[in-house]
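Shown next, in structure tokens, is the structure this report addresses.
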2 protein chains.
Amino acid sequence: MAKGTIARTVSERADLLPLISEVFRSHGYEGATLALIGKATGLGKGSLYHFFPDGKAQMAAEVLAEIDHWFEVNIFAALRKSDDPAQAIADMTAGVDRYFRSGHRVCLVGVIALGASRDIFSSQVQDYFSRWNDALAQTLRRAGLSTSVARRRSADALLTIQGALVLARALDDTKVFGQALVDMKARLLAK
Amino acid sequence: MAKGTIARTVSERADLLPLISEVFRSHGYEGATLALIGKATGLGKGSLYHFFPDGKAQMAAEVLAEIDHWFEVNIFAALRKSDDPAQAIADMTAGVDRYFRSGHRVCLVGVIALGASRDIFSSQVQDYFSRWNDALAQTLRRAGLSTSVARRRSADALLTIQGALVLARALDDTKVFGQALVDMKARLLAK
DNA sequence: TGGAGACTGTACCGATCGGTACAGAGAGTC
DNA sequence: GACTCTCTGTACCGATCGGTACAGTCTCCA
């Protein structure tokens, strides 16, 4: 029998996703509890389930979609349409460095790919990486590389980013990430 | 008031760890429940807590220790003492490929490094990677590389392995892992 | 033969899990 | 003012969480 006063905060769905995103990022899908999400957003379950009727799975799916959209707009698009491959790759590298806060931030898509929740989100995870892979390979082709070399180097770049995030966090040394990005950029257009 | 017959399985602690290891590997630390571990080992909580009085945290710590020991014996030691750097690196690559089942298996140390449980196991995680890094850099020095180049290339190799596991799983394509290992080996002793 | 001690299943614990139900509060609309 | 609709906190649900307690069963050794 609540009698109380209910504060009205008027949350915007768009403001919510980044907050929820950070909870999934630092706790993983299974570790991100509604209690943690509630604390991070300042919202009770009522509000959370108002915005996301399908609960935790929907929150994660929408967070993944938002991340995908950010990369689509800020990274993939430029890769596809640029007519200056070297510049496009430099832009990608700078964008990635900014997004992952020079190695302080972890890749949620990678985290989910490694966990048991991959089965639930496998198509979103696969789509994210393969669209990135395609866009980057396209840029490399335009730089004169053969299709097979372009695809090999592009996969190498993606895995370098993911591995650098893992190792930087494991060693608690973000310099690893910065160095990996330098190496990656050099390798992409070498020879 | 149990009346029943209790089957006696006589489990060996040494046989338990690999089974528990796979549960942590595929579910992460937070996702690995006692129920899953019980199912994987065929043991009830009674037996589990008999072998691991400190519960889940102790299980994970011992699994990490066993992994560390395996790499120490099968990978790091050869790296440190070999007088044929090219052969040592070929052996490491082959060993890594075998251990990770050509990309079908995930790295538990990496999984933990990315998750929230890193805080609990940070020293074990850091130790594993930095000892690997040191051993590999030592090999590269013996191959004539400067200290700084050796350390840079060695970190690059470690992060390539981790990233390849992430990307292979994300794209559900183990060829990514095999190719990354080939590239890594070539890069380690290049020029 | 009869402890002693290692190993086992299971009942149980309080806490927390994801999710539901619902009533109250605020802002508009007529 | 009465009605609607959106957003809110909270009480509550059954299930499961990690962990404890304990009695039963086995093996070993005197």
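Both backbone and side-chain heavy atoms feed into the values below; hydrogens, waters and symmetry mates do not. Numbered from 1 within each chain, the chains take letters A, B, ... in sequence-line order.
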*asked:* Rounded to whole Å, how long is the line connecting atom CZ of Arg13(B) with atom P of dT8(C)?
replied: 12 Å
*Considering only side-chain heavy atoms of His50(A), which listed nucleotide, dT8(C), dT6(D), dC17(D), is closest?*
dT6(D)
*Please report, rounded to the nearest Å, how far the C1' atom of dT8(C) is from the CG atom of Leu16(B).*
13 Å
*With sequence neighbours excluded, give me every ring pair (Phe, Tyr, Trp, His ring centres under 6.0 Å) pair touching residues 129-168 of chain A.*
Phe71(A)-Trp132(A), Phe76(A)-Trp132(A), Tyr128(A)-Trp132(A)
*In whole angstroms, how far is the C1' atom of dT16(C) from the CD1 atom of Ile37(A)?*
15 Å
*dC17(C) P sits how many Å from Tyr29(A) OH, rounded?*
14 Å
*asked:* Strictly below 4.0 Å, N to O, side chains only: are Arg80(A) and Asp134(A) in salt-bridge contact?
replied: no
Listed pairs, N/O of protein and of nucleotides 19-21 of chain D, under 3.5 Å:
residue : atom : partner  : partner atom : Å
dG19(D) : OP2  : Tyr49(B) : OH           : 2.7
dG19(D) : OP2  : Lys56(B) : N            : 3.2
dG19(D) : O5'  : Tyr49(B) : OH           : 3.1
dG19(D) : N7   : Lys45(B) : NZ           : 3.0
dG19(D) : O6   : Lys45(B) : NZ           : 2.2

*When the distance from NZ of Lys39(B) to P of dG9(C) is rounded to whole Å, what number comes out?*
14 Å
*Rounded to whole angstrom units, what separation is found between the CZ atom of Phe52(A) and the P atom of dC7(D)?*
12 Å
*Which whole-number value in Å describes the distance from Glu30(A) CD to dT16(C) C1'?*
16 Å
*asked:* Do Arg151(B) and Thr147(B) pair up side chain to side chain, a donor and an acceptor below 3.5 Å, judged on atom types alone?
replied: no
*Cluster question for you: counting only ILVMFWY and a side-chain heavy-atom cut-off of under 4.5 Å, with indirect links fine, are Leu79(B) and Trp70(B) together?*
yes
*Answer yes when Arg187(A) and Asp156(B) have at least one side-chain N-carboxylate O distance shorter than 4.0 Å, and no when they do not.*
yes
*Measure the distance from CG on Leu48(B) to C1' on dG18(D) and round it to the nearest whole Å.*
11 Å
Below 3.5 Å, can you tabulate the donor-acceptor pairs from side chains in residues 53-66 of chain A to any protein atom, sequence neighbours excluded?
residue  : atom : partner  : partner atom : Å
Lys56(A) : NZ   : Tyr29(A) : O            : 2.9
Lys56(A) : NZ   : Ala32(A) : O            : 3.1
Gln58(A) : OE1  : Asp54(A) : N            : 2.8
Gln58(A) : NE2  : Glu62(A) : OE2          : 3.1
Glu62(A) : OE1  : Arg13(A) : NE           : 3.4
Glu62(A) : OE1  : Arg13(A) : NH2          : 2.8
Glu62(A) : OE2  : Arg13(A) : NH2          : 2.4

*Thr33(B) side chain N/O closer than 4.0 Å to the phosphate oxygens (OP1, OP2) of dT16(D)?*
no
